[in-house]
Amino acid sequence: MVKSILKEQSLLAPVFSSEKEKNDYLEAVFSRKILFPIMNGGMGIDFSNEDLAGAVISAGGIGVLAASLVGYNDIFEEKLENMPMEERKKLIIETDKAALSGKIRKVRQDSQYGILGINLMRAVNNYEILVKVIGESKSVDILFVGAGLPTDLPVEMLRYPHMRYAPIISSVRAARIMLKRAQIRKGRKPDAWYVELPQFAGGHLGAGNAEEANDHSEFRPIELYNGLRELDPDIPIILAGGIMYREDIEKALEQGFNGVSCGTRMLLTRESGMSDEIIKEFYLNPMYPVITTMTSPAGMPSRYIDNGFLKAAAKVVVETRKRCVSCIGIKNCGFMNRKTPFCIAHWLSKTRRGLKDGLLFTGSRLDEIRNDGIYSKKGETYIPTIREAIDLMLNNLFSQQTCSPAVAF
Ligand SMILES: Cc1cc2nc3c(=O)[nH]c(=O)nc-3n(C[C@H](O)[C@H](O)[C@H](O)COP(=O)(O)O)c2cc1C
């Protein structure tokens, strides 16, 4: 009989009453004396917003804001097509900065000492500017960077000793590059690895193509764990992708991971930036399959619900191109280079605004969790709160109807 790690150790942080208390706790977490509190994955554009991150923090977890392109929602209604490109570029830089600063402030107003993380895509054009906003705010505890390897961070993070950082990776090779860079440039080693399994995760997937992303044998958590441990015995490792039930968490912790992060489970809550109507109509509706066949404009495979958005996108390609804000740089963008039929900012932002023909990113286990008891009440579809979703994952509450077995790692 395997011992339950969750019975012995909590994945919920205590309430801190000073910066010192929080820092002592984080020191214990990052030196692997205790486990990471449960956390949400960053979900852009603005799905893991201040409400979601705040709710995760107040439930005892690490709340993570998605930072990339958070200002785009604010300029969606602008007549971007009538502006010169340089003006559009300036506009997105200013609105991203203002929106992100506002979100950080809001989380801190509600929770002075909660543990706050920020997720940023390396691929965005104004990445360096946003790292500065995040670092200089002195309000963020952990910076997670994915969608590209943040090889600048070992040196850049020397400027922000109060903040820890965790590259989002799917291979040991990526970790090796980060460590080498830190050594050569005399910079800071990553404080943690955030390992995201492409076969389960939502959004951009860290794999060469869709086939590889769905290949479970390519991304075995235990092999990734052992490889990373061999590289560095001390850096804690967080596992993400397909964590839906207590059994998945137990399994990850048994394998040695020091924490877990959840995307889709946290997305399907009242506090997330996804509208309740879209959750009910698409995410919880078995009529809509999850597919991984599309390469995003950033050149990575991605997983989403097939709601027919590509057909809608194909009708407005020319108009949408005129609205480009160069979010990942025109030369890097599959949409502007006519390889990908949609602009990711435009179609994610539509979803964030509650429009039903937008891009619906999701993890691969959506099909399995749609029937969980947590999503129905008195015969009606029910959207849980973050606290209820966390209760389900840590205690298996609300899942009596169909508690799936642990995913086959
Ligand atoms: C709607 C959605 C948006 C996402 N956006 C981002 C993002 O902006 N940056 C990122 O690093 N990961 C992103 N992800 C990945 C999540 O942060 C998380 O690591 C992943 O979904 C975990 O897998 P799970 O959904 O099976 O729990 C996104 C996932 C979803 C479902």
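Please read all numbers here as calculations on a predicted model, not as lab measurements. All ligand and atom numbering here is 1-based and tracks the order in the structure.
Checking Gln199, Glu212, Arg303 one by one against Leu205, the side chain to side chain contact (heavy atoms under 4.5 Å, CB included) holds for a single residue, Arg303.
A side-chain N or O of Tyr245 and one of Asp372 form a donor-acceptor pair less than 3.5 Å apart. Residues Tyr375 and Glu380 bring no donor and acceptor atom of their side chains to less than 3.5 Å of each other. Checked by atom type, the side-chain pair Glu250/Ser4 shows a donor-acceptor distance below 3.5 Å.
Among protein heavy atoms, atom 21 (O) of ligand 1 sits closest to Gly202 N, 3.2 Å. Scanning the protein heavy atoms around atom 30 (C) of ligand 1, the nearest turns out to be Met43 CG, 3.7 Å. Nearest non-hydrogen protein atom to atom 11 (O) of ligand 1 is Asn119 ND2, 2.9 Å. The shortest contact between atom 18 (C) of ligand 1 and any protein heavy atom is with Glu196 OE2, 3.4 Å. With respect to atom 1 (C) of ligand 1, the closest heavy atom belonging to the protein is Phe361 CB, 3.4 Å.
Under the 4.0 Å criterion applied to side-chain N and carboxylate O atoms, Arg365 and Asp248 are assigned as salt-bridge partners. Salt-bridge formation is not detected for the pair Arg164/Asp141: no Lys NZ or Arg NE/NH1/NH2 atom is positioned less than 4.0 Å from an Asp or Glu carboxylate oxygen. Lys103 and Asp46 are joined by a salt bridge, as a carboxylate oxygen and a charged side-chain nitrogen come within less than 4.0 angstrom of each other. The existence of a salt bridge linking Asp51 and Arg270 is excluded, since no basic side-chain nitrogen approaches an acidic carboxylate oxygen closer than 4.0 Å. Using a 4.0 Å cut-off between charged nitrogen and carboxylate oxygen, Arg353 and Glu77 count as a salt-bridge pair. The pair Asp276-Lys280 does not count as a salt bridge, with every side-chain nitrogen at least 4.0 angstrom from each carboxylate oxygen. A salt bridge between Arg229 and Asp232 is absent, with no side-chain N of the basic residue lying under 4.0 Å from a carboxylate O of the acidic one. Between Lys89 and Glu86 there is a salt bridge, with a side-chain nitrogen of the basic residue lying less than 4.0 Å from a carboxylate oxygen of the acidic one.
Each of the atoms 26 (O) of ligand 1 lies under 4.0 Å from some heavy atom of Phe200. Counting atoms of ligand 1 from 1 in the listed order, those under 4.0 Å from a heavy atom of Cys262 are 27 (O). For ligand 1 and Ile168, the ligand atoms under 4.0 Å from any heavy atom of the residue are 11 (O). Numbered from 1 in the order shown, with element, the atoms of ligand 1 that lie under 4.0 Å from a heavy atom of Met244 read 26 (O). In summary, the atoms of ligand 1 found under 4.0 Å from a heavy atom of Gly241, numbered by their order in the structure, are 22 (C), 23 (O), 26 (O). Using a 4.0 Å cut-off to heavy atoms of Thr264, the atoms of ligand 1 that qualify are 24 (P), 25 (O), 27 (O). Residue-ligand proximity, Ala201 to ligand 1, at heavy-atom distances under 4.0 Å covers atoms 20 (C), 23 (O). Atom numbering of ligand 1 starts at 1 in the shown order; those under 4.0 Å from a heavy atom of Gly41 are 17 (O).
At a 3.5 angstrom cut-off on N or O pairs, Met274 does not count as close to ligand 1. Any N or O atom pair closer than 3.5 Å counts here, and Gly44 shares at least one such pair with ligand 1. In terms of polar-atom proximity, defined here as any N/O pair under 3.5 Å, Met121 makes no such contact with ligand 1. Considering backbone and side-chain N/O of Ser364, none are found under 3.5 Å from N/O of ligand 1.
Heavy-atom separations between Arg365 and ligand 1 are all 4.0 Å or longer. The closest approach between a heavy atom of Gly263 and any atom of ligand 1 is below 4.0 Å. The closest approach between a heavy atom of Tyr194 and any atom of ligand 1 is below 4.0 Å. Distances from ligand 1 to the non-hydrogen atoms of Gly242 include at least one value under 4.0 Å. No heavy atom of His204 sits closer than 4.0 Å to any atom of ligand 1. Residue contact annotation: Ala66 has no non-hydrogen atom under 4.0 Å from ligand 1. Distances shorter than 4.0 angstrom occur between a heavy atom of Gly42 and an atom of ligand 1.
Checked against a 6.0 Å centroid threshold, the rings of Phe30 and Phe36 count as neighbours. The aromatic ring centres of Phe342 and Phe335 sit 6.0 Å or more apart.
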